[in-house]
2 protein chains.
Amino acid sequence: MGKSPAFEKELSTEEKIKAAARIVFAKKGFAAARTRDIADTAGINLALLNYYFRSKQKLFDGIMREKLQEFFGKVAPIMIDTTTTLETKIETFVAHYTDMLIKNPELPLFVMSEIRTHPQHFAQISPIHQILNESSFVAQLKEKRPEVHPLHFLMSMLGLTVFPFIAMPMMKSIASLDDEAYTRMMEERKKLIPLWMHTILDKKPNT
Amino acid sequence: MGKSPAFEKELSTEEKIKAAARIVFAKKGFAAARTRDIADTAGINLALLNYYFRSKQKLFDGIMREKLQEFFGKVAPIMIDTTTTLETKIETFVAHYTDMLIKNPELPLFVMSEIRTHPQHFAQISPIHQILNESSFVAQLKEKRPEVHPLHFLMSMLGLTVFPFIAMPMMKSIASLDDEAYTRMMEERKKLIPLWMHTILDKKPNT
DNA sequence: GTCTATAACCTGATAGAC
DNA sequence: GTCTATCAGGTTATAGAC
């Protein structure tokens, strides 16, 4: 598959390989991806791939590092900010994350799958550590709802935001939605999810 | 990995292989799983695996069929039932699904990953089709909140329930939770999620 | 830096003895 | 039915010419 070079102009060879690797790894995962496919997609020779990156694993590590940064990097600054309200954080988080995922819909499933296969490598992803242990977000959650573990709200917000992208391959074929319709739904969720989160946070069990 | 036979007694050879395949495929996915690992885990020889199942693919197809049934099979009857209220359906769904996922935490990531790699194979998974097109659940959602696409609520309920299991490898290492603590949180969610879903469904945008 | 050719290895599958 | 030994094919990685 992908026998025709996808990147012809203006990119350095190294960048062409990385661009191709991003595509092929994201689509197939580490194990199923073949270096030949990456070389073909990049429009260069297989030997050249090993000349720039010493091995498939090393090439993958670089890509994975990027993807993790993309997936987790933007979150921490929003969550740590002590000058914003809980409500603002939720709105900003959902909006930023949804935008990023619309551009990068296969990212969550890719990252989660590879973490499953090699959990050791991701033992301490610092942004999430930060959010969980030192963030203003968690402090605000604890203050508002001290009786519920803040992880419940964090997992819920993430689940509401991220899960539709994880389930997309399934949903799209089942609900007969094309890309445009799916994107429109995700845009709608930028308003819906914060609304829901606020309601959830206000809802005490016996109210 | 897995060099010592895990199943020694009372299982037929065929069942030993299937049991081993369930474990290895679930942990690694189709592409990364090696038939040698499955044979070793089963405590039998590689040739025997091909004697019982003609190929890796055929063995996998059988396992996948089981897993899909496990993942989707139980849902449809709950959602289609015309004698129960929307509230009851949500509570039953979350409780049943959570119980199943506690016993089978790696199931969602496995299923989603393999659907991504081979979307064609799962084009029409009948239980979900049923839920989306003919279920009492969707009808009740439409009646209660006609202005919101029912898929929003379905994705949200699924996300709240399933996402914590998808993110588990990540969360466990990050939040320093052991298996028991994680299970306890999931048990808590059996009460929290229905509560939240009801609040969400009642919350009109300008109320 | 880039290529062709090939080495070295691994994996799924089979042949054939028991 | 179960095993050992091996084949056939594919994959990563490298050698060596240009």
Side-chain angles (χ1 to χ4, degrees), chain A residues 1-65 113-114 117-118 121, chain B residues 1-65 113-114 117-118 121:
Chain A
M1 26 202 82
K3 293 297 174 201
S4 53
F7 321 98
E8 317 239 345
K9 33 186 170 182
E10 293 171 28
L11 287 179
S12 69
T13 302
E14 186 172 349
E15 271 307 322
K16 278 193 278 188
I17 297 172
K18 286 182 83 171
R22 276 188 276 268
I23 294 172
V24 177
F25 279 137
K27 182 149 52 187
K28 309 258 205 127
F30 177 78
R34 281 161 302 175
T35 49
R36 276 175 169 78
D37 283 348
I38 297 175
D40 288 348
T41 305
I44 54 94
N45 189 277
L46 173 58
L48 213 46
L49 185 150
N50 284 287
Y51 171 78
Y52 279 97
F53 308 85
R54 289 169 32 94
S55 69
K56 177 187 181 182
Q57 184 67 53
K58 288 216 166 45
L59 174 57
F60 179 80
D61 290 347
I63 303 296
M64 193 62 188
R65 192 185 192 77
S113 298
E114 299 300 336
T117 322
H118 300 291
H121 291 210
Chain B
M1 30 201 78
K3 294 298 175 200
S4 52
F7 321 97
E8 318 240 345
K9 35 185 169 183
E10 293 174 26
L11 287 179
S12 68
T13 301
E14 185 171 350
E15 270 309 321
K16 278 194 276 188
I17 297 172
K18 285 183 84 171
R22 275 188 275 268
I23 294 172
V24 176
F25 280 136
K27 182 147 56 187
K28 310 257 205 130
F30 177 77
R34 280 162 302 176
T35 49
R36 277 174 170 77
D37 282 349
I38 297 175
D40 287 348
T41 304
I44 53 93
N45 188 277
L46 173 58
L48 213 47
L49 186 150
N50 284 289
Y51 172 78
Y52 279 96
F53 307 85
R54 288 167 35 91
S55 69
K56 178 188 181 183
Q57 185 66 53
K58 287 216 166 47
L59 174 56
F60 179 80
D61 290 347
I63 303 295
M64 192 62 188
R65 192 183 191 80
S113 299
E114 300 300 337
T117 322
H118 301 289
H121 292 211

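Just so we're on the same page: letters track the sequence lines, and every chain starts at 1.
- A pairwise comparison of heavy atoms in B:S55 and B:N50 identifies CA-OD1, 4.0 Å as the closest pair.
- Counting to the nearest Å, the P atom of D:dG1 and the NZ atom of B:K16 are 13 Å from each other.
- Here C:dT4 presents its P atom at 12 Å from CG of A:D40, a figure rounded to the nearest Å.
- Across the protein-nucleic acid pair, B:F60 atom CZ and C:dT11 atom C1' stand 17 Å apart, rounded to whole Å.
- B:A39 comes within contact range of no nucleotide atom at all, as no heavy-atom separation falls under 4.0 Å.
- Considering only residues two or more places apart in sequence or on other chains, A:K18 meets the salt bridge (Lys or Arg N to Asp or Glu O under 4.0 Å) condition with A:E66.
- Rounded to whole Å, atom C1' of D:dG10 lies 16 Å from atom CZ of B:R34.
- The salt bridge (Lys or Arg N to Asp or Glu O under 4.0 Å) search around B:E14 returns none, not counting sequence neighbours.
- Seen from the ring of B:Y52, B:K58 does not count as a face-on cation partner, given the 6.0 Å and 45° thresholds.
- Considering every non-hydrogen atom in both A:V24 and A:A33, the closest pair reads CG1-CB, 3.8 Å.
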Protein-nucleotides 13-18 of chain C N/O pairs under 3.5 Å:
residue	atom	partner	partner atom	Å
C:dA13	OP2	B:K56	N	2.6

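- A cation-pi arrangement is present between A:K56 and A:F30, with the terminal nitrogen or guanidinium carbon under 6.0 Å from the aromatic centre and inside a 45° cone about the axis.
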